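Just so we're clear, the structure is a prediction, and the values are computed from it rather than from any experiment. So that the names make sense, note that chain A is the first sequence line, chain B the second, and so on, each numbered from 1.
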Amino acid sequence: MLDINFIRDNQEQVENGMLAKGEKENSIVADVLAKDEEWRAIVHKADNIRSESNAKAKKIGALMGQGKKEEAQTIIAETSSLKEEIKNLDEQVKAIQEERENLLYKIPNVPHSSVPVGSNESDNKVFSTWGEPNIEVWRKPHWEIVERYGWVDFERGVKVTGAGFPFYIGPVAQLQRALINYFINEAGKAGYTELQAPYFVNEASARGTGQIPDKEDMMYVVPRDEFFAIPTAEVPVTNFHRDEIVAEQDLPIKYVCYTPCWRREAGSYGKDVRGLNRLHQFDKVELVKIVKPETSYDELESLREHAEKLLQALKLPYRTLLMCTGDMGFTQSKKYDLEVWSPGQQRWLEVSSCSNFESFQARRMQLRYRKEEKNTEMVHTLNGSALALPRVVSAILEAYQEENVKIRVPEVLKPFIGRDYL
RNA sequence: GGAGAGGUGGCUGAGUGGCUGAAAGCGCUCCCCUGCUAAGGGAGUUUAUUUGGAAACAAGUAACGAGGGUUCGAAUCCCUCCCUCUCCGCCA
């Protein structure tokens, strides 16, 4: 959510930002400002009447204390109309405020000036590439490898839960556990505090990070207890400090958190969902940063670099995309995607997404820090995957296979797995 | 799940209808005094929002777990929900 004061002062920028992000309409910006005018006028009126009413109530108290019941009675009679009026105005304020809020929720974050303008994924800029994409034709896609060895059981996953909920068996299960440990350890070395978070959140948390009202359909819900299964650790971890005012000297706050992620992925189909490419449950190690506004873009770069180093250490070729305005989502102001090369599929697979939200999430969460002596200011929040597991697993299986289809273990994972081949 | 107790400012903790946005203590900030690794004195110290102001700031409004109700007036009374603690039950 954007700051209404910011919108008031930067109407044009917000309107242009909406169009750049691919919204067809931006009249909502003018609507929200009009609604805000209305709100302020009526709040002002209500406050004045309340003030009058409070003054009278005080006088009544004083008169009662002096035993002047008669005089008090006449003032009480006067207040009854005020009471009615206040009640009326309060209802209006509440209604208008809600309308204003609803409009505000529909305005996306403004893209940063360094973000390329574009309408879809073809306009994303290749920011950098690392390594040489392997194009040997004998390499098999990971689904053939895991089938041959019986390392992932999709069918039993369907039986037990449904499509997109596979079992991982033996070496691949071990590989995933090794990756999780490796990723968390590396984040720890980089100064991230390890967190274990709830896998279910309440509605306020889902709202805080922007899953509601925008992306409600991506989440699994537990209706009886009104919980949402987390689509990413970003949700519980960023909400960790919701409704708090943190101390300036505590910033930046950096967390690493491993969780499974649940996503309904409604509408996905085709080649994209083959094998481990797209699942309803997958594992991910997530980084979250809570920082001072003036540092957030530097923090974004170091976040991206950290994620990139993991792919480098695994010796997996990848490219980094700077997402264009039209492809970066509602809540972000700037976003990088890391795509690993899948030699068995001959295509790039997204394994990380590093974003700066500026104060967009912080404002929803009322997450502030105390600046200098008095003032409080919204923090900036960032997050990035480091990394999402299944596609890294695919890339490893495909890149580390030898012609006899044996799979070598990446050097940095050997301490966790304890042998040379899976 | 059953029974009971309770949720007040950064913390401890008072407050059962008006003079309480909130005593007192601790902590913190600033100033003064003091020649010594201490003590004393004074002032300040929640948040949001509206109006005015370039700003400092001033005035108003709201908030004592959340929401609703009673009342001229609610931290204080009533209702619903959430949470915490104690005992019982169940359990990794």
Partner lookup for B/rA56, please. Criteria are Watson-Crick or G-U wobble with both distances under 3.5 angstrom; report none if nothing qualifies. none
Length of the line joining A/D36:CG and B/rU49:P, which is rounded to integer Å: 11 Å
Distance between the P atoms of B/rG60 and B/rG1, in whole angstroms? 48 Å
Spacing of A/I86 atom CD1 relative to B/rG60 atom P, expressed in whole Å: 16 Å
Run the side-chain donor-acceptor check on residues 299-311 of chain A: report pairs under 3.5 Å with partners two or more places apart or on a different chain.
residue, atom, partner, partner atom, Å
A/E299, OE1, A/K289, NZ, 2.6
A/E301, OE1, A/R304, NE, 3.3
A/E301, OE1, A/R304, NH2, 2.6
A/E301, OE1, A/Y336, OH, 3.3
A/E301, OE2, A/Y336, OH, 2.7
A/S302, OG, A/K289, NZ, 2.7
A/S302, OG, A/E299, O, 3.1
A/R304, NH1, A/E308, OE2, 2.9
A/E308, OE1, A/Y318, OH, 2.9
A/E308, OE2, A/T320, OG1, 2.8

OP1 or OP2 of B/rU46 under 4.0 Å from side-chain N/O of A/T376: no
Looking at residues 44-62 of chain A, who's got a heavy atom less than 4.0 Å off RNA chain B? A/H44, A/D47, A/R50, A/S51, A/N54, A/A57, A/I60, A/G61
B/rC79 to B/rG25 separation - P atoms, rounded to the nearest Å: 37 Å
Please give the distance between the P atoms of B/rC78 and B/rG4 as a whole number of Å. 16 Å
G-U wobble or Watson-Crick pairing nucleotide for B/rU29 (cut-off 3.5 Å, both distances): B/rA43
Pairwise 5' ranking along RNA chain B for A/K83 and A/M64, keeping only the more 5' one: A/M64
Taking the cut-offs as 6.0 angstrom to the six-membered ring centre and 45 degrees off its axis, would you call A/R363 and A/F6 a cation-pi pair? no
Pairwise P distance for B/rG13 and B/rA38, with rounding to whole Å: 29 Å
Using Watson-Crick or G-U wobble geometry with both distances under 3.5 Å, which nucleotide pairs with B/rU61? B/rA48
Over how many whole Å does the gap from A/R40 atom CZ to B/rU61 atom P extend? 20 Å
Touch class at under 4.0 angstrom, heavy-atom based, for A/K94 against every strand present: sugar-phosphate
Using the C1' atom on both, measure B/rU8 against B/rA14 and round to a whole Å. 10 Å
Could you please name the partner base of B/rA3, counting Watson-Crick and G-U wobble pairs only when both distances are under 3.5 Å? B/rU86
Gap separating the CG atom of A/L63 from the CD atom of A/E71, nearest 0.5 angstrom: 5.5 Å
Gap separating the CD1 atom of A/I60 from the CD1 atom of A/I76, nearest 0.5 angstrom: 4.5 Å
Taking the side chain from A/D327 and the backbone from A/M323, do they hold a donor-acceptor pair closer than 3.5 Å? no
Indicate every side-chain donor-acceptor pair of residues 232-246 of chain A with a distance under 3.5 Å to a residue at least two apart or in another chain.
residue, atom, partner, partner atom, Å
A/T232, OG1, A/E234, N, 3.0
A/T232, OG1, A/K284, NZ, 2.9
A/E234, OE1, A/N383, ND2, 3.3
A/E234, OE2, A/Q361, NE2, 2.9
A/E234, OE2, A/N383, ND2, 3.4
A/T238, OG1, A/E234, O, 2.6
A/N239, OD1, A/R242, NE, 2.7
A/N239, ND2, A/S205, O, 2.9
A/N239, ND2, A/V235, O, 2.8
A/H241, ND1, A/E244, OE1, 2.9
A/H241, NE2, A/Y255, OH, 2.8
A/R242, NH2, A/S205, OG, 2.8

For atom CG of A/L367 and atom P of B/rU47, their distance in whole Å: 16 Å
List the atom pairs, with distances to 0.1 Å, where a side-chain N or O of residues 388-399 of chain A and a protein N or O form a donor-acceptor pair under 3.5 Å, not counting sequence neighbours.
residue, atom, partner, partner atom, Å
A/R391, NE, A/N277, O, 2.8
A/R391, NH1, A/E350, O, 2.7
A/R391, NH2, A/N277, O, 2.8
A/S394, OG, A/P390, O, 2.9
A/E398, OE1, A/S342, OG, 2.5
A/E398, OE1, A/G344, N, 2.9
A/E398, OE2, A/H142, N, 2.7
A/E398, OE2, A/H142, ND1, 2.9

Suppose you measure atom P in B/rU29 against the same atom in B/rC82; what distance do you get, rounded to whole Å? 42 Å
For B/rC64 and B/rA74, measure between their C1' atoms and round to the nearest Å. 11 Å
Identify, between A/K87 and A/S80, the residue whose nearest nucleotide on RNA chain B lies closer to the 5' end. A/K87
Could you tell me the separation between the CZ atom of A/R207 and the P atom of B/rA66, rounded to a whole number of Å? 19 Å
Less than 6.0 Å separating the ring centroids of A/Y199 and A/W262? yes
Rounded interatomic separation in angstrom, taking CE from A/M378 and C1' from B/rU47: 11 Å
Examine distances only and state if a side-chain atom of A/D153 and a backbone atom of A/E155 form a donor-acceptor pair shorter than 3.5 Å. yes
Quick one: look up who B/rA24 pairs with, Watson-Crick or G-U, both distances under 3.5 Å, and put none if it's unpaired. B/rU12
Watson-Crick or G-U wobble mate for B/rU76, both contacts under 3.5 Å: none
Atom CG of A/L63 to atom P of B/rC72: distance rounded to whole Å? 15 Å
Do A/H112 and A/Y297 pass the ring-ring contact (aromatic ring centres under 6.0 Å, His included) test, and can you show the C-alpha distance, the side-chain angles, and the key distance before you say yes or no? CA-CA 10 Å; A/H112 188 250; A/Y297 282 94; 3.8 Å; yes
Whole Å only: how far is the OH atom of A/Y369 from the C1' atom of B/rU46? 19 Å
All side-chain hydrogen bond (donor to acceptor under 3.5 Å, both in side chains) counterparts of A/R419, not counting sequence neighbours: A/Q174
Could you measure the distance from the CG atom of A/N109 to the CE atom of A/M18? Nearest 0.5 Å is fine. 12.0 Å
Considering only heavy atoms, which members of residues 3-12 of chain A lie under 4.0 Å from some atom of RNA chain B? none
Looking at A/R370, does any N or O in its side chain come under 4.0 Å of the phosphate oxygens OP1/OP2 on B/rG10? no
Does OP1 or OP2 of B/rA48 have a side-chain N or O of A/R368 closer than 4.0 Å? yes
P gap between B/rU12 and B/rG89, integer Å: 32 Å
Of the listed B/rC72, B/rU50, B/rU47, the closest approach to the A/W39 side chain comes from B/rU50
